[in-house]
Structures are given as C-alpha cells and as structure tokens.
Number of protein chains: 2
Amino acid sequence: MGTHAKVLKAGQMSLAKPTFPAPDHDHGRCTAEAMTHAEQVCARRAQKFTPIRRQVLQALLSSHRPLGAYEVIDELAKSMPRPAPITVYRALDFLMANGLVHRIESRNAFLACAHDHDETSMVAFLICDHCGSVGEIPAAPVAQSLTAAARASGFVPKLSVVEIAGTCAHCRK
Amino acid sequence: MGTHAKVLKAGQMSLAKPTFPAPDHDHGRCTAEAMTHAEQVCARRAQKFTPIRRQVLQALLSSHRPLGAYEVIDELAKSMPRPAPITVYRALDFLMANGLVHRIESRNAFLACAHDHDETSMVAFLICDHCGSVGEIPAAPVAQSLTAAARASGFVPKLSVVEIAGTCAHCRK
DNA sequence: CGGAATTCGTAAGCAAGCTTATTATATCCC
DNA sequence: GGGATATAATAAGCTTGCTTACGAATTCCG
Ligand SMILES: [Zn+2]
Ligand SMILES: [Zn+2]
Ligand SMILES: [Zn+2]
Ligand SMILES: [Zn+2]
C-alpha cells in the first residue's frame, strides 16, 4: 500500500463536501470527481479499473442512494446487455476491497464512496428515510467510546456498523 | 403501558449478567429465566404468550446467537411439524413488538433478549466473528455523541443500528 | 349462547441476494 | 510467441427473507 498520509493528515476525510449534497448540486461534476478519484486509487494500488468495474461504479454514482445488486443490474441494463448477477458481484467485491464502495448492512445495498478515509477509521452512515440518500460522517470519537465500552467486556472490535436512520436536512423543510 | 420504572431506575439494564456468558454457564437456567421474564412482560402488558410464540422464543434461546428466520424454522422442526415461514414471522413480529427479540440488521437475523431496557435507550450489539454469539451493551452515551454529530449536519436521527463485529473474550484465549 | 376479534394454519408465490461451474478473453511476463 | 495469470461472460440454480390470500380455530365479551 502506498503512503498517502499527506492527504489524510488533515482529518478523517479529505474532501470537505457537505454530508448531504443539495438536491440541485452539480451532480455531473460530483460524478466526474468520484470517477477521477477511483482512477487515482486504482493507479496508486496498481489495480485494474476495467470497464465493468467502471460501469458498476458509475451506476452507483447515478444517485446518492445505496443500490441493491439487482438495482445495479437494472441500471446497467439501460446502457448495455443486461449483466448477470455474478458479474456485478465481482465488480462490487473489487470496489469494496479498494474502498470505493461501502456496503450498507441494514439495507443489503451498496454505496459509492469518494472519500479518502483511513481503512481502520470508523464511519457512520446517515440514511434518510425520505429520499434514501446516505451521508457519511466521521465517527472516530464515537468509535473510541464504543471501543472502550466493548473492550470493557473483553470484546475486541474489528469492524463497526453504525447506520442511523432519520431525515436529512433537505427533506425536512 | 405499565410503569415499571422501579426496575429501570438503577440503570439501562436490570440484569447484571455478563455481556458474553461463559461457554460453560448454566444455560438451562439462563433459558428458564428468559422465559420467565417473557411471561412477566406479556402478563404485564396483557399480551398473549401463546404456544408458538413461546416455541419461537425457545428456539432463539437455544443459543446466544442470532438466528435467521429459516434457522428458527429448522430449530422448531425438530420438535413439531415444520412451521410455515409466515407462522414464525408472525411470532417474531410479536416478540419484537414486545421487546423480547431484537433484529440484527447486519445479519438479517433475530436475537432473544432478556434485558429490561427502556425502549428509547439505545443498545449496541457486539457480534463475535468466531462463535457467533452476540452481546448487548448499553450505548446511551455513545448515542448522544452520535446524535450530536448527526444533527450537526442537519440530520434528525430516529433509529440507530450499532453493530460491532469482533472477537469475544471467550474466543480470544 | 353467539357475534366479533384475535390468532393460527395452509398453500402458494415472489424477489433479492448470492453461488457454482464452465468456457472464453484479455493481460502479463519471460 | 507462448504459457501462466487475471478477468469476464454464459448458464443455471440455490437459499433466504418475506408476502398475499383465505379459511379454520380460538378467545373475548356482552
Ligand atoms: Zn452528487
Ligand atoms: Zn432526504
Ligand atoms: Zn445462556
Ligand atoms: Zn466468541
């Protein structure tokens, strides 16, 4: 793994984007930046960013909602012969392994991620019940107290799932 | 709802059991206590603790692991004609509505709970990757900081899922 | 008792998530 | 070039999670 510590040093996330992009934001640019980010990550890690992997990521980027595997298939089917499940699962596995996609456990769904977070640092997902958008917030401080509480009972935490359902700012007004 | 505040006042959980019961604990007693607890809860709330509901809870209590709906069916099938999915789902719904069972979102599975926690107070689940046991810890303090962090981005949290995977004390040695 | 409400059983079906197996393409590297 | 490796396509199928529909049984209650 390369040392991209420079980017991370500033904080848990390098991109100072709003947690929930406004409904009228420039999503084209939003997507483009995410793709560029993915290209950089793959280049840095000497991983192949193949067409399908690219297209699956593109599909996930089509919204700020997490998509189920079959939703991804449906999305891809719009611009290519309908891919088989195995095809997108492979791509999803790749994207997750490289930190470009998160799995939202409570929804069995997948979410594109353009953040540059440390693999060990915990994130929390805010899931809007209304529009379905999902925002990420750094949860390092929370993680500490959680980890402390867990360790108190002799438990050694590895991976945390913190998913919070509610209503996002844009859907509230 | 009855006011059973007396029991709760002492803390988030009334039962001072270890988070993860030792492998050699008296599970018979453990189960019996949980059943008694369930009976009391149902009596207090004037709910009917029917045979199936009892048996489904019993099945969940057979281990300290969360079981998927079909695992529950398999478990029940050992001692009665194999019940249909709808049957156990109905029972599970009842048990969850009465706080006797939790749903573990990240596993699509159900966990018996003999704790007496306030419905609004948040709990975190510690899931052991090795033995599959799940422990509960009160997460009220954590919840507060989480909620604060979420609100900072305009998000209004309703329901939280905090599920932490790792290794339990008994599996570590 | 007898009607209403709750609970349960039976039957069927569907969608989502994911896998296995096998063959075909690329791609890498010597 | 050519063999090894990684990636992808094809085809099929399985499991799990959950639902709908409807009729039978039980319980509640006046
Ligand atoms: Zn966007
Ligand atoms: Zn929203
Ligand atoms: Zn036990
Ligand atoms: Zn364990």
Side-chain angles (χ1 to χ4, degrees), chain A residues 38-39 41-43 45-60 65-77 79-98 100-111 127 132 161 163, chain B residues 38-39 41-43 45-60 65-77 79-98 100-111 127 132 161 163:
Chain A
E39 267 156 22
V41 168
C42 290
R45 308 179 62 159
Q47 297 285 317
K48 292 174 221 172
F49 197 36
T50 65
I52 311 177
R53 291 170 179 176
R54 184 180 295 267
Q55 289 169 91
V56 168
L57 183 59
Q58 193 82 256
L60 289 178
R65 281 182 41 230
L67 299 185
Y70 276 55
E71 288 180 291
V72 172
I73 293 178
D74 290 343
E75 188 66 32
L76 290 188
S79 59
M80 60 182 286
R82 188 178 198 78
I86 183 72
T87 302
V88 330
Y89 276 107
R90 271 195 290 242
L92 288 171
D93 284 345
F94 171 88
L95 294 168
M96 283 195 292
N98 290 281
L100 298 169
V101 161
H102 295 297
R103 183 165 208 277
I104 305 297
E105 300 290 344
S106 64
R107 309 276 160 127
N108 291 333
F110 304 87
L111 177 75
I127 309 172
V161 175
E163 297 170 10
Chain B
E39 267 156 20
V41 167
C42 290
R45 308 179 61 158
Q47 297 285 319
K48 293 173 221 172
F49 197 36
T50 64
I52 311 176
R53 292 168 178 176
R54 184 179 295 267
Q55 289 169 90
V56 167
L57 184 59
Q58 193 83 256
L60 289 178
R65 282 182 40 230
L67 299 185
Y70 276 54
E71 287 179 292
V72 172
I73 293 178
D74 290 343
E75 188 66 31
L76 290 187
S79 59
M80 61 181 288
R82 187 177 198 79
I86 184 72
T87 302
V88 329
Y89 276 108
R90 272 194 289 240
L92 288 170
D93 284 345
F94 171 88
L95 294 168
M96 281 196 292
N98 290 280
L100 298 168
V101 160
H102 295 296
R103 182 165 209 278
I104 305 297
E105 300 289 344
S106 64
R107 308 277 161 127
N108 292 332
F110 303 88
L111 178 74
I127 310 172
V161 174
E163 297 169 11

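Reckoned from all heavy atoms, side chains included, excluding hydrogens, waters and symmetry mates. On a predicted model such as this, the values are computed, not experimentally measured, just so you know. In what follows, chains carry the letters A, B, and so on, assigned in the order in which the sequence lines appear, proteins first and then strands, with residues in each chain numbered from 1.
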Got a sec, which residues hit salt bridge (Lys or Arg N to Asp or Glu O under 4.0 Å) with B:R90, two or more places apart in sequence or on another chain? none

Tell me, please, which residues at least two apart from B:E163 pass salt bridge (Lys or Arg N to Asp or Glu O under 4.0 Å). none

Set of side chain to side chain donor-acceptor pair (under 3.5 Å) partners for A:R65, sequence neighbours left out: A:E71

Output all residues satisfying side chain to side chain donor-acceptor pair (under 3.5 Å) with B:Q58, sequence neighbours left out; order by chain, then residue number. none

Axis-to-axis angle for the helix from C:dC1-D:dG30 to C:dC30-D:dG1, ends of five pairs each, to 10°, equals 30°

Would you classify B:T87 as touching base, sugar-phosphate or nothing, given that sugar-phosphate means primed atoms plus P, OP1 and OP2, and contacts are heavy atoms under 4.0 Å? base

Touch class at under 4.0 angstrom, heavy-atom based, for A:R53 against every strand present: sugar-phosphate

Under 4.0 Å from a heavy atom of chain A: give me the 5'-most and 3'-most nucleotides of DNA chain C that qualify. C:dG17 to C:dT20

Side-chain donor-acceptor pairs under 3.5 Å in residues 49-57 of chain B, sequence neighbours left out?
from	atom 1	to	atom 2	distance (Å)
B:R53	NH1	B:K48	O	2.6
B:R54	NH1	B:E39	OE2	2.7
B:R54	NH2	B:E39	OE2	3.4
B:Q55	NE2	B:P51	O	3.1

So, using side-chain contact (heavy atoms from CB on, under 4.5 Å) as the criterion, who are the partners of [X] when residues are at least two apart?
X     : answer
B:A84 : B:I86, B:T87
A:D74 : A:R82
A:D93 : A:M96
B:Q47 : B:C42, B:R45, B:F94, B:N98

How does each nucleotide of nucleotides 16-30 of chain D score, in 5' to 3' order, for protein heavy atoms under 4.0 Å: base (B), sugar-phosphate only (S), or none (-)? -BBBB----------

Could you measure the distance from the CD1 atom of A:I104 to the OG atom of B:S106? Nearest 0.5 Å is fine. 12.0 Å

